[in-house]
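Quick caveat: nothing in here was measured; it's all calculated off a predicted structure.
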Amino acid sequence: MAHLTGEVDHPERLAVLRELVGRLDGVMAVWDRVVVAGREPVILDLGCGSTKQYAGNVGVDQRMTGAVDVLADLSDGLPFADGSVDRVFVVHVLEHLVDFLPLVDECHRVLRDGGVLHVMSPWWRHVNAVADPTHVRLLDIQTIKGICVQPGRERRWRPLHAACDGASVFADLTPVRRQEDEADPVLLARFFD
């Protein structure tokens, strides 16, 4: 996983940087906390527990810890305005939810245009997926494809990166707002079977 920090002067430059870094061999995901045009990104860390992915993220969890800024039950929606955040991390969260699609839809709602949802979850065949008795879902890279390709769903996603390293499933997804932003079959084939 590549971590990008620093500053760029325009959102398109960050998109190009993400694309180039994401094509490097061995990069499973591209996580960033990059200042764009002088504006600090607003980043949610959902289900953060006691550790945020970046110190400046807004930690969200249902239990209060030193890392939590907002108390919320992720199965009841997100207490944030439409289009109000730049990044959302769901790291080791989705596997704990019986139905994670409502949370994924909420992430779509709160992300700004060009925002990114960062997903990380144990791969279903790895021992970590079944070792935790609180895991109620098992994920695969094809699960990510299912999130992106949902005919008839209002909230759709375009993959920026999606990979599995044999232990974890990674995905960086951006909300589709216009038909021209839909993922075409060639892009989907880059990441999925």
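Residues Val30 and Leu160 fail the side-chain proximity criterion, which asks for heavy atoms closer than 4.5 Å. Contact of the Met28 side chain with the His161 side chain is not registered, since no non-hydrogen atoms from C-beta on lie closer than 4.5 Å. Side-chain contact between Val68 and Cys48: present, with at least one pair of heavy atoms (C-beta onward) separated by less than 4.5 Å. With a 4.5 Å cut-off on side-chain heavy atoms, Trp157 and Val104 count as touching. By the 4.5 Å heavy-atom criterion applied to side chains, Arg13 and Val36 are not counted as neighbours. Side-chain contact between Phe192 and Ile141: present, with at least one pair of heavy atoms (C-beta onward) separated by less than 4.5 Å. By the 4.5 Å heavy-atom criterion applied to side chains, Pro79 and Val70 are counted as neighbours. Two residues are said to be in side-chain contact when any heavy atoms from C-beta on lie closer than 4.5 Å; Leu71 and Met64 meet this criterion.
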Take Leu94 and Leu139 through the side chain to side chain contact (heavy atoms under 4.5 Å, CB included) test and state the conclusion after the steps. CA-CA 8 Å; Leu94 299 183; Leu139 277 72; 4.3 Å; yes
Could you walk me through whether Trp123 and Ser168 satisfy the side chain to side chain contact (heavy atoms under 4.5 Å, CB included) test, starting with their C-alpha distance in whole Å, then the side-chain angles of each, then the deciding distance to 0.1 Å, before giving a yes or no? CA-CA 5 Å; Trp123 182 48; Ser168 298; 5.8 Å; no
What's the verdict on side chain to side chain contact (heavy atoms under 4.5 Å, CB included) for Val169 and Val119, showing C-alpha distance, side-chain angles and the deciding distance? CA-CA 8 Å; Val169 174; Val119 177; 5.8 Å; no
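Thr51 and Ala67 make their closest contact through N-CB, 3.9 Å (heavy atoms, listed as atom of the first residue, atom of the second, distance). When all heavy atoms are compared, the tightest approach of Cys107 to Leu46 is SG-CD1, 3.8 Å. A pairwise comparison of heavy atoms in Ala37 and Asp9 identifies CB-O, 3.6 Å as the closest pair. Smallest separation of non-hydrogen atoms from Pro159 and Leu173: CA-CD2, 3.8 Å. The heavy-atom pair separating Ala72 from Val60 by the smallest distance is CB-CG1, 3.9 Å. Nearest heavy-atom pair across Arg109 and Leu78 is NH2-O, 2.9 Å.
Remark: Arg190 engages Glu19 in a salt bridge, criterion side-chain N to carboxylate O under 4.0 Å. A salt bridge links Asp113 to Arg177: one of the charged nitrogens lies within less than 4.0 Å of a carboxylate oxygen. A salt bridge does not link Asp99 to Arg137: none of the charged side-chain nitrogens sits closer than 4.0 Å to a carboxylate oxygen. Look at Lys145 and Asp140 and you find no salt bridge, because none of the NZ, NE, NH1 or NH2 atoms lies under 4.0 Å from a carboxylate O. A salt bridge is absent between Arg158 and Asp181; no separation between the charged side-chain nitrogens and carboxylate oxygens falls under 4.0 Å.
A side-chain contact (heavy atoms from CB on, under 4.5 Å) with Asp132 is found for one member of Thr134, Asn128, Val130 and no other, namely Thr134. With Asp32 as the partner, the side chain to side chain donor-acceptor pair (under 3.5 Å) test is satisfied by one option alone out of His3, His118, Arg18: Arg18. Among the candidates Gln179, His108, Glu182, the single residue satisfying the side chain to side chain donor-acceptor pair (under 3.5 Å) test with Arg156 is Glu182.
Checked against the 6.0 Å centroid threshold, Tyr54 and Trp31 do not count as a close aromatic pair.
Atom-to-atom distance recorded for Glu106:CD and Leu111:CG is 11.0 Å, nearest 0.5 angstrom.
Counted by atom type alone, Arg33 and Asn57 present one or more donor-acceptor pairs between their side chains at under 3.5 Å.
Of the possible donor and acceptor atoms, none in the side chain of Asp86 sits under 3.5 Å from a partner among the backbone N and O of Gly115.
Take Ala129 and apply the side-chain contact (heavy atoms from CB on, under 4.5 Å) test, not counting sequence neighbours, and it matches Pro122, Leu138.
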